[in-house]
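Take a look at the structure set out below.
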Amino acid sequence: MLNLVVEAPLSVSFDAHGNPTGRSIEIEGSKPRYWYVGPGCAVMVATMYFLRDLTSVKQEASIRLFEGFVSYKLQKRNNHLEDVEAMREVVRYPAKFQSSIHEGAQLKRNQSDQLFSAFRVLGLDFGVPAVIKPASRQP
């Protein structure tokens with residue numbers, strides 16, 4: 001089993017009218033980080049190409065996919081190594097870091113929202129991967 005954490009939106013949410021809407025983890029304070037605008041959208045498209053190519057390679061191991069979400073950090077400086085290490089710890093010890101793991105139903109802001117794999121549009125439906133938001137990043 002290969003655990004793959006990608007820091008990009010891996011699921012998408014639409015309201016009851018079919019309009020894009022934010023997921024619960026994307027809104028903190030006055031600066032939302034919605035999946036459908038800005039850098040999140042750009043890295044989601046790049047990830048589409050990556051995962052499409054990855055799935056075309058014959059593999060012996062199965063892949064468990066996670067979305068890494070490291071926005072809204074409490075500290076001002078960026079340290080990507082610390083971000084990776086924090087997400088790795090969550091994957092290794094999920095019982096210890098339960099509050100850092102957000103499953104599909106928790107990502108909906110409203111019960112009527114529809115949540116899908118971001119890759120469904122490509123015919124690659126991986127389901128809605130859990131989102132890892134390391135506890136040290138939570139307020």
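Under the 4.5 Å side-chain heavy-atom criterion for grouping Ile, Leu, Val, Met, Phe, Trp and Tyr, I63 is connected to V6 within one hydrophobic cluster. In the hydrophobic clustering of ILVMFWY residues, with side-chain heavy atoms under 4.5 Å counting as a link, V84 and V43 come out apart. V45 and L124 are assigned to two separate hydrophobic clusters, defined by single-linkage of ILVMFWY side chains at heavy-atom distances under 4.5 Å.
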Check step by step if side chain to side chain contact (heavy atoms under 4.5 Å, CB included) holds for E26 and F69. CA-CA 9 Å; E26 297 168 335; F69 191 88; 4.2 Å; yes
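For the atom pair CD of E28 and OG of S30, the computed distance is 11.0 Å after rounding to the nearest 0.5 Å. With values rounded to the nearest 0.5 angstrom, T47 atom OG1 is found 9.5 Å from E7 atom CD. A distance of 12.5 Å separates CG of D83 from CZ of R88, quoted to the nearest 0.5 Å.
For the pair L4 and L54, the minimum side-chain heavy-atom distance is below 4.5 Å. Taking the side chain as every heavy atom from C-beta outward, E67 and I25 approach each other to under 4.5 Å. Looking at heavy atoms from C-beta onward, F66 lies out of side-chain contact with V90 at the 4.5 angstrom threshold. Contact check for Y34 versus I27: side-chain heavy atoms found under the 4.5 Å cut-off. For the pair L51/L65, a side-chain contact is recorded, criterion being any heavy-atom separation below 4.5 Å from C-beta on. In this structure, the side chains of M87 and V70 come closer than 4.5 Å at one or more pairs of heavy atoms.
Of all heavy-atom pairs between P9 and M44, the closest is O-CG, 3.3 Å.
Counted within 6.0 Å of CZ on R120, heavy atoms from surrounding residues, nucleotides or ligands total 12 or fewer; the atom is thus considered open.
At distances below 3.5 Å, not a single donor-acceptor pair connects side-chain atoms of E89 with backbone N or O atoms of A86. For S24 (side chain) and Q106 (main-chain N/O), a donor-acceptor pair under 3.5 Å exists by modelled atom type.
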Output a table of donor-acceptor pairs, distance under 3.5 Å, between side-chain atoms of residues 110-118 and any protein atom two or more places apart or on a different chain; print 'none' if there are none.
unit_1, atom_1, unit_2, atom_2, d
D113, OD2, R109, N, 3.4
D113, OD2, N110, N, 3.1
S117, OG, F119, N, 3.1

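Residues that satisfy the ring-ring contact (aromatic ring centres under 6.0 Å, His included) test with F14, not counting sequence neighbours, are W35.
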